[in-house]
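Side chains are part of it too, since the values below use all heavy atoms of this structure and drop only hydrogens, waters and symmetry mates. Just so it is clear, the model here is predicted, and its values are computed rather than measured.
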Amino acid sequence: GLPKFNIFEDRLQTAINYEIYKDSSLPRNKIAICCIAIKNYIALKNDGQAEFVVQRMAEKLLLSLNKIYTVALGEKYQFFILRIFKD
């Protein structure tokens with residue numbers, strides 16, 4: 001149920017563009033990105049367990065993170081997390 005990296009990338013670019021082009025008198029927001037990689041992902045993929053592990057980790061991330069975070073699936077890194085901190 002997580003969005004793919006393309007949607008994550010679009011949200012990130014939208015957040016960056018908003019910060020670049022907004023009125024300079026307004027306070028700047030901070031944008032944070034976290035990438036999570038599963039170290040033995042190739043071995044899990046060869047054993048046919050990668051999908052199960054990614055699904056379980058996705059559930060844990062969604063349950064433990066607030067709704068203000070954006071979580072997406074990736075390739076090189078299995079998960080990407082985006083958070084915008086408003087001042």
Quick one: does [X]'s side chain get under 4.5 Å of [Y]'s, heavy atoms only?
X	Y	result
Leu62	Leu2	yes
Ile36	Leu61	yes
Tyr41	Gln78	yes
Asn29	Pro27	no

- request: Start with the C-alpha distance between Ile38 and Met57, add both sets of side-chain angles, then the distance that settles side chain to side chain contact (heavy atoms under 4.5 Å, CB included), and finish with yes or no.
  value: CA-CA 10 Å; Ile38 301 172; Met57 285 185 66; 3.6 Å; yes
field: Inter-residue atom distance Glu9.CD - Leu82.CG, 0.5 Å rounding
entry: 12.0 Å
Tell me whether the count of non-hydrogen atoms from other residues, nucleotides or ligands lying under 6.0 Å of [atom1] in [X] goes above 12.
X	atom1	value
Ile42	CD1	no
Lys4	NZ	no
Tyr77	OH	no

task: Dump the intermediate steps for side chain to side chain contact (heavy atoms under 4.5 Å, CB included) on Ile16 and Tyr21, then the final yes or no.
output: CA-CA 9 Å; Ile16 291 170; Tyr21 296 115; over 6 Å; no
Worked verdict on Phe79 versus Leu73 for side chain to side chain contact (heavy atoms under 4.5 Å, CB included): CA-CA 5 Å; Phe79 298 99; Leu73 292 174; 3.6 Å; yes
field: Summary of salt bridge (charged side-chain N to carboxylate O under 4.0 Å, His left out) pairs that have at least one residue in residues 29-44, sequence neighbours excluded
entry: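 For residues 29-44: Lys30-Asp87.
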Are [X] and [Y] connected, step by step, through hydrophobic side chains (Ile, Leu, Val, Met, Phe, Trp, Tyr) whose heavy atoms are closer than 4.5 Å?
X	Y	result
Ile68	Ile81	yes
Ile31	Phe80	yes
Phe5	Tyr69	no

Side chain to side chain contact (heavy atoms under 4.5 Å, CB included) between Phe85 and Arg83, intermediate numbers included: CA-CA 6 Å; Phe85 295 93; Arg83 170 74 157 91; 3.4 Å; yes
task: Measure across Ala15 and Ile84 and return the closest heavy-atom pair with its distance rounded to 0.1 Å.
output: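 Here Ala15 and Ile84 meet closest at CB-CD1, 3.6 Å.
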